[in-house]
Each structure stands twice: as C-alpha cells, then as structure tokens.
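Proteins come first, then strands; the chains are lettered A, B, ... in the order of their sequence lines, and each starts at number 1.
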Protein chains: 2
Amino acid sequence: MSVASTCTSTRQAPKQNGIIDKLRSAIVQGKLKPGDRLPVRTELEIQHNASRVTVQKALDELIRDGFVVSKGKLGTFIADTPPCLNHYGLILPFSPTHPRWTGYYDALMLSLHELNESLQDQIHVYQGINRVTDENFPSLCDDVYARRLAGLLFAEGPIELTHTPLIREQVIPMVASMSGNHHPGLEHMVSCGFDLSSGLDLACKILRQHDVQRMAVIMISTAREPFSKFMEPIMNANGFAYNPVFCQSAPMEHREEAACIAQLLMSLPKEQRPDGLYISDDNLVPAVCRGLIKTGVKVGVELHLVAHRNYPSQANHILPMHDVIFDIRQMLSICLKRLEAKRMGDDSMKPVKIKAIRDSEIKEIKQKVDSLGF
Amino acid sequence: MSVASTCTSTRQAPKQNGIIDKLRSAIVQGKLKPGDRLPVRTELEIQHNASRVTVQKALDELIRDGFVVSKGKLGTFIADTPPCLNHYGLILPFSPTHPRWTGYYDALMLSLHELNESLQDQIHVYQGINRVTDENFPSLCDDVYARRLAGLLFAEGPIELTHTPLIREQVIPMVASMSGNHHPGLEHMVSCGFDLSSGLDLACKILRQHDVQRMAVIMISTAREPFSKFMEPIMNANGFAYNPVFCQSAPMEHREEAACIAQLLMSLPKEQRPDGLYISDDNLVPAVCRGLIKTGVKVGVELHLVAHRNYPSQANHILPMHDVIFDIRQMLSICLKRLEAKRMGDDSMKPVKIKAIRDSEIKEIKQKVDSLGF
DNA sequence: TGGGATTTGTCCGTATGTATA
DNA sequence: CTATACATACGGACAAATCCC
C-alpha cells in the first residue's frame with residue numbers, strides 16, 4: 001500500500017543477487033523452512049566467498065521482502081510466512097472505475113474480505129491488469145520474478161497476456177477462473193468456472209414453479225456462444241419451447257441497452273410475450289428493471305423474474321425476483337486449494353465446474369474454509 | 001502497487017539517515033530544485049565525513065523513493081518530479097467493500113482518473129483509513145514522515161484521527177473536504193465543501209417549475225443537523241410550506257430503510273401526500289426508487305423527483321428524475337490548488353463552498369484544469 | 001568510429017557500535 | 001559481565017557505463 005516502488009537497480013550486482021537468489025530459491029523449494037536459522041554472517045561470507053557488506057545487503061533485501069527476519073543476538077531466521085509461500089495475488093483485469101468493472105469483481109473483493117480474516121491477509125489484489133501496457137503490469141511481474149508471491153489467481157483468463165513471459169514461463173503457480181470459451185494457451189491454468197448450464201436449468205425450474213409458459217433470457221453478448229450449446233436442450237427438458245426471439249443480449253460495455261431490449265420484449269401482445277425472464281448476468285439487472293418499469297408490466301404477476309447473482313454481493317433488487325446464485329467464495333476456495341496443490345507439485349486437479357444454487361442452499365464461509373483445511 | 005513494504009530498519013543508522021535527511025530537507029525546502037546536480041560521490045563523502053558505502057546507501061534510499069535519479073557518467077540529479085513536490089495522497093475513510101462506501105468516493109475516483117491523465121499520475125489513493133487501528137494507517141504515516149507525499153487530501157474530515165501526531169503535527173500540507181458539521185481541531189484543514197443549502201434551493205426551483213405543491217425531502221441521517229439551519233427559510237423563500245413530517249432520513253449504514261420511508265410518504269391520501277421529492281443524497285436513490293415502485297405511484301405525473309448527484313458518476317436512474325449536481329472535479333481542483341498554496345507557505349485561502357448546478361451547467365474538465373494552472 | 005575521462009555502483013577486508021541471552 | 005550475533009561504517013579498489021573529444 002505504500003507509495004514507494006520496488007525498483008530493481010540498474011546495475012546487476014552479481015554477487016549480491018547470487019546470494020539473494022540462492023537463499024530465496026532454497027526457501028521457495030522448501031530446503032529452508034519457516035523458522036529455520038540461517039548461518040551467521042561470517043559463515044555466509046565464507047560460503048559465498050563474499051564480504052560483510054555484500055552479505056548484509058543481500059539479507060537487507062530479503063528482509064525488506066519478508067523472506068527472513070533477524071532477531072538480534074538469536075540470529076537470522078526464515079520468516080514464519082515468507083511471501084513465496086503465503087502471499088497470493090488476485091488479478092482483476094479492470095479497476096473499479098473502468099466501464100467493464102462488473103459485479104463479479106465486487107463479489108470477489110467481498111469474498112476476499114471474509115477469507116482474509118481467517119487467512120491472515122494473504123491475498124493481494126492487483127487491479128486493472130488486462131494487457132501488457134497496463135500500468136500495474138510491471139509491478140506484478142516484479143513481484144512474481146522476485147518470488148514475492150506464492151501464486152496467481154486470475155479472475156478472468158488473461159487472454160491478452162497469453163504470449164507474455166509471465167504466462168508462458170509460469171515461474172509460480174497460476175490458475176484462472178473461466179466459465180466461458182476456451183482459449184488456446186491457457187488450458188492448463190483453468191481450474192474453476194461456473195457451470196452456466198446449471199444456472200439456466202435452475203432458472204427454468206424456478207420459472208416452471210410459477211407456471212410460466214413463455215420464458216425469455218437476457219444475457220451478456222459474450223455469453224451467447226457458450227449458451228448456444230445447451231440453451232435449447234435444457235429449455236426443452238424443462239418443458240419450455242426454445243424461441244430464438246426470446247433470447248437476447250447486451251454487451252457489457254453498454255449494459256444499459258438491456259433496458260431497451262426488455263421494453264421491446266414486453267411490447268409484444270400480451271398472449272405472445274414472455275411471462276418469465278431469466279437475466280443471466282447480474283450486471284444487466286438494473287438496466288432490465290429500468291426497462292420493465294417503463295413498460296408498466298406487473299412483475300410477479302404478469303412476468304416472473306429470475307436473475308443471476310454472485311453470492312456475497314447484496315441482492316439490491318428494485319423489482320421482486322428470484323435468485324440463481326453462483327458462490328464466489330466457493331470459487332475462491334477451490335482456486336486457492338488448486339494453487340496450493342500446484343505449489344506442492346500436484347498438477348493433476350481437474351477443472352471444477354461450480355453449479356448454481358438457490359439462496360436456501362448458501363453455506364456459511366466458516367465451515368467451508370475449515371473443510372478445505374485453511 | 002507492489003507487495004513489498006517499505007520497512008524502515010530497526011536500528012538507527014545515524015550517519016546514513018543524516019545524509020538522507022539533509023538532502024531530503026534541501027529538496028523539500030527548495031534549496032535543491034528538480035534537475036539540479038548533486039555533488040559527486042567523493043564530494044559527498046567529504047561533506048558528510050562518510051565513506052563510500054554510507055553515501056551510496058543513503059542515495060539508494062533516495063533513489064528508491066524517487067527523490068533523485070542517477071544518470072551514469074552525467075552524475076546524480078534531483079528527480080524532475082520528487083514525491084515531496086508532486087505526489088499527493090487522497091485519503092478515503094473506507095474501502096469499496098465497506099458498507100459505508102458511498103457514491104461520493106466513486107465520483108472522487110472517477111475525477112481522479114480524469115485529472116491524473118493531465119497531471120501525470122500524481123495522486124495516490126489510500127483506502128480504508130478512518131481510525132488509527134486501520135490496516136493502512138501505518139503505511140500512510142510512513143509515507144508522510146519519509147516525505148514521499150507533497151500533501152494530503154482527506155475526502156472526509158478525519159475526525160477519528162484528530163488527536164494523532166499525523167494530524168496534529170501537519171508535517172506536510174493537509175486539507176479536508178467537509179460539507180457538514182464543524183469539528184474542533186480540524187478547522188484549519190477544511191478547504192472545500194459543498195453548499196448543501198444551494199442544493200436544496202435548486203431542488204425547490206426545479207420542483208416549482210413542475211408545479212409541485214407539497215415538497216418532501218429524504219436525506220442521510222447525519223445531514224439532518226446541517227439541514228435544519230436552512231431548511232425552513234429556503235423552502236419558504238421558494239413558496240413551499242415547511243412540513244417536518246415531509247422531511248425524513250435514513251442512516252448511511254442502512255440506506256435500504258429509505259425504501260420504507262418513501263413507501264410510507266406515498267401512503268398518505270393523494271391530496272395530502274407530497275407531489276415533489278428531493279432525495280438529497282445519491283446513495284439513497286436506489287432504495288427510494290424501490291420503495292416508490294412498490295407504491296405504484298406514477299413518477300413524473302403524480303410525483304416529481306429531484307436527486308442529488310456527484311458529477312462524474314453516471315446517473316443510472318431507474319425512474320425519471322432531475323439532477324441537482326455537485327461537481328466533484330471542481331472540489332478536487334480546489335483542494336489541490338489549496339494544497340499547492342499551503343506548500344508555498346500561503347495559508348490564507350478561505351474555505352470554498354461549492355454550489356449545486358444543473359446538468360446543463362457542467363463544464364468540461366479540460367478547461368477547468370487549464371484555468372487552474374495545471 | 002574509437003579511446004580516454006569521469007562518474008556511478010559493487011565489492012573487499014576490517015573495525016566498531018549495539019542489543020541481548 | 002561477557003560472549004555472540006546483528007548492524008553500521010571506513011577506505012581503497014575496481015568494474016561498468018557513457019559522454020566527449
């Protein structure tokens with residue numbers, strides 16, 4: 001949080017960096033464990049054939065980065081929580097003021113708040129890292145290559161960064177949460193995603209319970225392709241006809257367009273227009289509500305609403321509606337578990353598809369975190 | 001943005017810190033100006049009666065903090081934009097996930113984005129600093145005492161920090177934006193605030209234009225006291241009767257309560273209930289809308305709405321309403337100007353009360369920034 | 001195009017100060 | 001009180017970069 005930047009010097013300082021690298025690698029690889037005592041200065045001087053100042057400068061940097069702590073007369077020790085073992089990075093592609101910031105990121109930050117209380121502040125958020133030219137990208141790289149992080153968790157597949165050394169080299173474990181399309185070069189990072197079809201299925205079931213006859217869906221434009229695969233079969237399986245006209249979308253950058261679409265949908269003759277609507281992205285809810293209010297349709301009577309919601313976020317609905325919930329905390333936990341496993345050399349974990357739940361099925365985070373071994 | 005923390009060593013290092021302090025003070029006081037060349041190392045050694053390494057370590061820290069840059073054979077120079085002259089801190093009392101985060105902070109961040117493009121990224125945001133125990137407070141103090149900041153701008157009067165050394169000592173210029181109550185010990189910091197009475201006045205005028213007969217106001221609970229001073233006279237001056245029953249509030253922590261209040265207000269018999277409503281805080285708009293929608297009142301016909309809005313924020317209204325705008329960019333500019341003046345030793349600037357404007361009166365930031373000399 | 005001059009930055013070996021078990 | 005280990009400091013040497021002639 002400090003203003004200071006960790007600028008690596010322009011020169012190389014081979015000896016100093018040699019010592020730093022050697023000790024740091026030993027910590028990263030587990031040869032030196034938290035609490036272990038380092039040799040005394042004179043011993044390190046001999047081991048590395050270096051002088052007092054050089055050894056000390058190397059240790060200074062390791063101390064600054066939190067790898068070791070010195071305890072006066074007791075000696076110098078590996079820190080209890082060296083960053084390379086305990087400090088994860090969560091990468092969000094945008095910052096909160098960016099037009100493409102979404103409710104999903106809000107939910108992630110909220111989950112983090114809850115998790116961090118049980119996890120001793122181990123997750124650092126990097127906002128606005130989407131492409132190489134983004135302001136914070138260099139500092140992320142710095143932190144990764146200086147091993148100040150135990151792993152990276154991308155809130156979205158870092159598509160624009162696929163061909164950067166950061167992603168190609170994977171010097172530290174990295175996972176990404178991706179629900180939608182597959183992207184070449186990122187497959188090995190995908191560890192978690194939401195099962196969009198389960199959300200649609202749950203929405204169908206809720207609307208069925210309210211005797212809906214004609215169901216419509218409004219989604220984010222980029223979701224249309226993944227949806228196209230399961231849309232018709234799932235709707236049919238739940239007894240709904242699949243009507244392409246009732247399946248509309250708005251782009252994330254212009255979510256307000258969803259208002260017009262909602263209005264248009266409800267402008268059809270009463271016996272033809274939908275009497276059930278699934279808003280498959282929480283970011284579209286305000287706009288859709290705005291549109292529906294203008295039409296004067298009686299929501300809850302003439303039209304039943306179901307909306308996607310990312311769990312820890314508040315459902316601040318203007319109109320009465322049911323929730324189809326994706327639990328972001330669950331996603332975070334799975335990703336962290338996978339990162340931990342990867343760090344231990346286990347890369348066998350299969351990507352998990354998280355299913356949508358109703359609000360009655362939300363579990364407390366405390367149990368969940370405990371059951372995952374945090 | 002880096003993970004690394006700027007931990008000052010546990011020991012004192014008198015010589016090294018002596019050199020750092022001397023050079024840094026010279027920069028802060030303007031004895032050394034950006035672009036000036038420092039004496040060569042040997043000269044510094046002689047001046048401070050210190051050895052090579054000591055001088056170099058001192059310079060290393062100044063380089064890390066951005067006070068000086070070294071250009072190889074050309075020598076070592078004062079940085080073009082040393083932090084103590086160019087790097088301001090904006091302090092927000094909460095973080096975006098805190099229940100007391102408000103739309104005002106959103107607007108501030110948006111203004112900053114605009115400003116930073118013309119100002120070369122000189123403003124750093126410290127989130128979640130409200131009281132001494134807050135996580136980021138120590139790093140803020142660090143940055144202030146290491147003179148890594150040219151000044152502080154508090155988004156709200158730092159009431160909980162009044163008796164901390166940070167506020168009492170004022171080692172760097174500090175200003176605060178406060179619209180409401182005065183707080184002892186902070187008077188000298190107040191430099192800017194919004195003229196709440198002008199907002200009410202403008203709201204009255206807009207509602208008058210729509211032939212409103214009975215005007216109601218919903219505000220944030222803490223605003224009731226400042227409002228009480230001008231409420232009646234301003235409403236009377238605009239031809240409205242002042243009815244305490246039509247003047248309600250909801251606390252920021254429970255803004256959703258405003259929905260019930262709005263419902264209750266509109267439950268009165270049609271000829272008695274208000275036909276004009278001023279929502280004097282943007283954070284209450286969603287809740288009030290939710291409440292009004294439930295009542296089925298025809299907004300724009302049976303009830304005219306006017307709502308407060310912080311300018312660069314999007315007006316994402318669900319219901320048709322007019323805006324009473326406070327321009328946050330203007331506030332930011334004034335505060336920065338005042339900080340600059342304070343730094344130059346001019347503490348004579350009187351606090352400015354910014355008046356509310358209509359959307360037609362919004363000016364482009366470009367002109368405004370230019371006219372302020374940035 | 002190249003080589004000397006200058007300045008920065010790293011490193012060595014040693015010495016001293018300081019906190020503490 | 002003493003021994004130990006960390007931390008700062010000294011002066012000299014030298015490598016690396018680069019401007020200037």
Whole-Å distance separating the [atom1] atom of [X] from the [atom2] atom of [N]:
X	N	atom1	atom2	answer
B:Leu44	C:dT7	CG	P	12 Å
B:Asn49	D:dC10	CG	C1'	10 Å
A:Lys15	D:dA13	NZ	P	18 Å
A:Lys73	D:dA7	NZ	C1'	16 Å
A:Asn17	C:dG9	CG	P	15 Å
B:Gln16	D:dA9	CD	C1'	10 Å
B:Glu61	C:dG9	CD	P	15 Å
A:Arg52	C:dA15	CZ	C1'	11 Å

[X] with [Y]: basic N within carboxylate O range, under 4.0 Å:
X	Y	answer
A:Asp21	A:Arg24	yes
A:Arg338	A:Asp347	yes
B:Asp60	A:Lys57	yes

Report task. Give me the residues of residues 31-43 of chain B where at least one heavy atom lies under 4.0 Å from an atom of DNA chain C, by number, or none. Result -> B:Arg37, B:Val40, B:Arg41
Report task. Using a heavy-atom cut-off of under 4.0 Å over every strand shown, decide if B:Leu59 touches base, sugar-phosphate, or nothing. Result -> nothing
Requested in this report: May I ask you to say what B:Glu45 touches in the nucleic acid, namely base, sugar-phosphate or nothing, with a heavy-atom cut-off under 4.0 Å?
Outcome: nothing
Query raised in the report: Any luck finding a side-chain donor-acceptor pair between B:Thr76 and B:Arg41 under 3.5 Å?
Result: yes
Query raised in the report: Is the count of non-hydrogen atoms from other residues, nucleotides or ligands lying under 6.0 Å from B:Arg37 atom CZ greater than 12?
Result: yes
Please state whether the phosphate of [N], meaning OP1 or OP2, lies under 4.0 angstrom from any side-chain nitrogen or oxygen of [X].
X	N	answer
B:Lys57	C:dG9	no
B:Gln56	C:dG9	yes
B:Ser51	D:dG11	no
A:Thr54	C:dT10	no
A:Lys71	C:dA21	no

Query raised in the report: Would you say A:Glu43's side chain and A:Val40's backbone share a donor-acceptor pair under 3.5 angstrom?
Result: no
Query - Side-chain donor or acceptor of B:Asn136 paired with backbone N/O of B:Gln127 under 3.5 Å - result: yes
Report task. Find which nucleotide of DNA chain C each of A:Val55 and A:Leu74 is nearest to by heavy atoms, and output the residue with the more 5' nucleotide. Result -> A:Val55
